[in-house]
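Below is one structure, written out as structure tokens, with a few remarks after it.
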Amino acid sequence: MRRPPDRLAHHGSLHKPRVVARSLRDGLTGRMTPEEFRAAAHELVDWITDRRIDIEARPVRPAVEPGDIAALLPTTPPPGGGSAASVLADLESIVAPGITEVQHPMHFGWFPSNASLSSILGDLASAGLSSLGISWESSPSLTEVEEVVVDWVRQLTGLSDRWSGVIQDTASSGCLVAMLAARERASDHAQAGGGLVRFGRPLHVYTTEEAHSSVRKAALLAGFAAEDIRLVDIDPWTRDMRPGDLAQLIKIDVKAGGVPAIVVASLGSTGVTAFDPLPEIVTAASPYGVWVHVDAAMAGAAMMLPERRELFAGVEDADSIAWNPHKWMGTILDTSLLYLRDPEHLIRVMSTNPSYLRSTADGTATQYRDWGIPLGRRFRALKLWYQLRIDGADAICGRLRRDLASAEWFAEEIIKHEGWEVVAPVRLQTVCIRHTPADLDPADPESLSRHNLDWVRSLNTSGHAFVSPSLLNDVWMARVSIGTEATERHHLVRLIELLKEHS
Ligand SMILES: Cc1ncc(COP(=O)(O)O)c(C=O)c1O
């Protein structure tokens, strides 16, 4: 066996977990000692690993009702410290059984929320380094690794070097940041004058009813009036924005004295994976200086595949794009990317320069606090760094291609079975399905909705698989969102059997 290098010798039991008695704790503060941490962390990592290995043995959705988990926890805080082993025991017996297992291969709900094990290592490393990201000086590596890794992903997704990126917690935050930047551009930096309330002209937001709920939320939070949010017409089948209608609405608003501020284009919408036509959107928006933000929260991962980039045509002419490696790509939450064409504008909108944060690095180093809302940041770049260095982009792309092929296969297969239909185009890895039993009138939307909600509920509560119900033109259907890291073709074969059983 190799001996640990001398510089690690004082760690003693390297790689050999052992239980450290409670009495070894720091007598004064009662805090966990490094040796106790080492032993408990080894046990925790073993436990996490075993859970991943055994994941298929557990139900996808736990059989719990609201309040069940809280009822098992003490209502008052623990009076004193306890052992890490007792916490792990409760994690196992109380907390874990209340988890919906989104890493389970039979999870087809919402969108994939993969947490590649390599990225979990990055999260652990981030926690272990425990650095404070409030300025370049407070953790130079935190800033510079983020700059480099975000640029790696830029290259992997085929974006030109005109883009600069930053990690946000979520695509919702990325959209809010874009709204704020657009608001200030459209209002000639109202915040430097009388603020939005004294601006005096309506500022307009353009999106579609298919856009994610976070878009409207961001618009309202950024101070846009609900009545100034325009829902542009969509194609009834693809649910993509109709750019002719966008051009028309912009003209009408300008004529009425309004200022068109931002268009949010969905590339891969949550409902049916709609792709708004960016080239035409940019053509309609650019004569008026309208900010174009691209919400590609889930679908952005597909930009890693050169053969799918045509879906993102026109992105180079947008102003910002947000997408989540923490969905399909597999970097553990919270790893959302926001790329901007003009970060200097964003910095002007977001910049703070309190005296206690000034340093000699000012003016030369990136200060990510000026690229978003929070001051303090975690070292989130390590999650991407670990995943890209250990799994590598080729393996990630291979998995995405597997999922695309699976979705195509599933869509072709499910319609061979009586009563099943695919109700929206399959643009990527999500297949929208509906079941109509032989004795049900397909023209009766209420009965159709009730039947589809019933089978989804029955399937999901069985714990054998999980899909998300969703409204399409006021009738319920189900989204089968393929893309969990562990999902192979035989899981989809099993899903079809289950769909037939429960419908
Ligand atoms: C298209 C789209 N946009 C935005 C979001 C919001 O993502 P986040 O949870 O990162 O805020 C989602 C979430 O699924 C989404 O599907």
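Positions are given from 1 along the sequence. All of these numbers come straight from a predicted model, not from anything done at the bench. Just so you know, ligand 1 is whichever comes first in the structure, and atom 1 is the first atom listed for that ligand.
Taking 4.0 Å as the cut-off, Ser266 does not count as a neighbour of ligand 1 on heavy-atom distance. Using a 4.0 Å heavy-atom cutoff, Gly268 is listed among the residues neighbouring ligand 1.
Taking a cutoff of 4.0 Å between a charged side-chain nitrogen and a carboxylate oxygen, Asp169 and Arg380 do not qualify as a salt bridge.
Considering only non-hydrogen protein atoms, atom 14 (O) of ligand 1 sits nearest to Lys327 CE, 3.1 Å. The protein heavy-atom contact nearest to atom 6 (C) of ligand 1 is His212 CE1, 3.5 Å. Atom 16 (O) of ligand 1 has as its closest protein heavy atom Thr270 OG1, 2.8 Å. Of the protein's non-hydrogen atoms, Asp295 OD2, 2.7 Å is the one closest to atom 3 (N) of ligand 1. Protein heavy atom in closest approach to atom 11 (O) of ligand 1: Ser172 OG, 2.5 Å.
Using a 3.5 Å distance cut-off with no hydrogens or angles, the side chains of Ser481 and Gln429 do pair a donor with an acceptor. No hydrogens or angles considered: a donor-acceptor pair under 3.5 Å links the side chains of Ser269 and Glu210.
When heavy-atom distances to ligand 1 are checked against a 4.0 Å cut-off, Ala171 comes that close through both its backbone and its side chain. By the criterion of a heavy-atom distance under 4.0 Å, the side chain of His326, and not its backbone, is placed next to ligand 1.
With Phe111 as the aromatic partner, Arg479 meets the cation-pi criteria of under 6.0 angstrom to the ring centre and within 45 degrees of the ring axis.
Ring-plane geometry between Trp110 and His107 is classed as tilted, the angle between the planes lying from 30 to 60 degrees on a 0 to 90 degree scale.
Close contacts of ligand 1 with Phe111, meaning ligand atoms under 4.0 Å from a residue heavy atom, involve 14 (O), 16 (O). Shown in contact with Ser214 at under 4.0 Å from a heavy atom are these atoms of ligand 1, numbered in order with element: 4 (C). Under a 4.0 Å criterion applied to the non-hydrogen atoms of Ala297, ligand 1 contributes the atoms 2 (C), 3 (N), 4 (C), 5 (C), 12 (C), 15 (C).
Gln367 has its side chain out of reach of Ile347: every pair of non-hydrogen atoms, C-beta onward, lies at least 4.5 Å apart.
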query = Can His345 and Arg185 be said to form a side chain to side chain donor-acceptor pair (under 3.5 Å), step by step?
reply = CA-CA 8 Å; His345 170 74; Arg185 193 168 84 178; 5.7 Å; no
task = Test side chain to side chain donor-acceptor pair (under 3.5 Å) on Ser320 and His293 and set out the steps.
result = CA-CA 5 Å; Ser320 51; His293 175 68; 2.7 Å; yes
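Taking any N or O of Asn324, backbone or side chain, at least one lies under 3.5 Å from an N or O belonging to ligand 1.
Taking both residues in full, the closest heavy atoms of Tyr206 and His204 are given as OH-CB, 3.3 Å, listed atom of the first, atom of the second, then distance.
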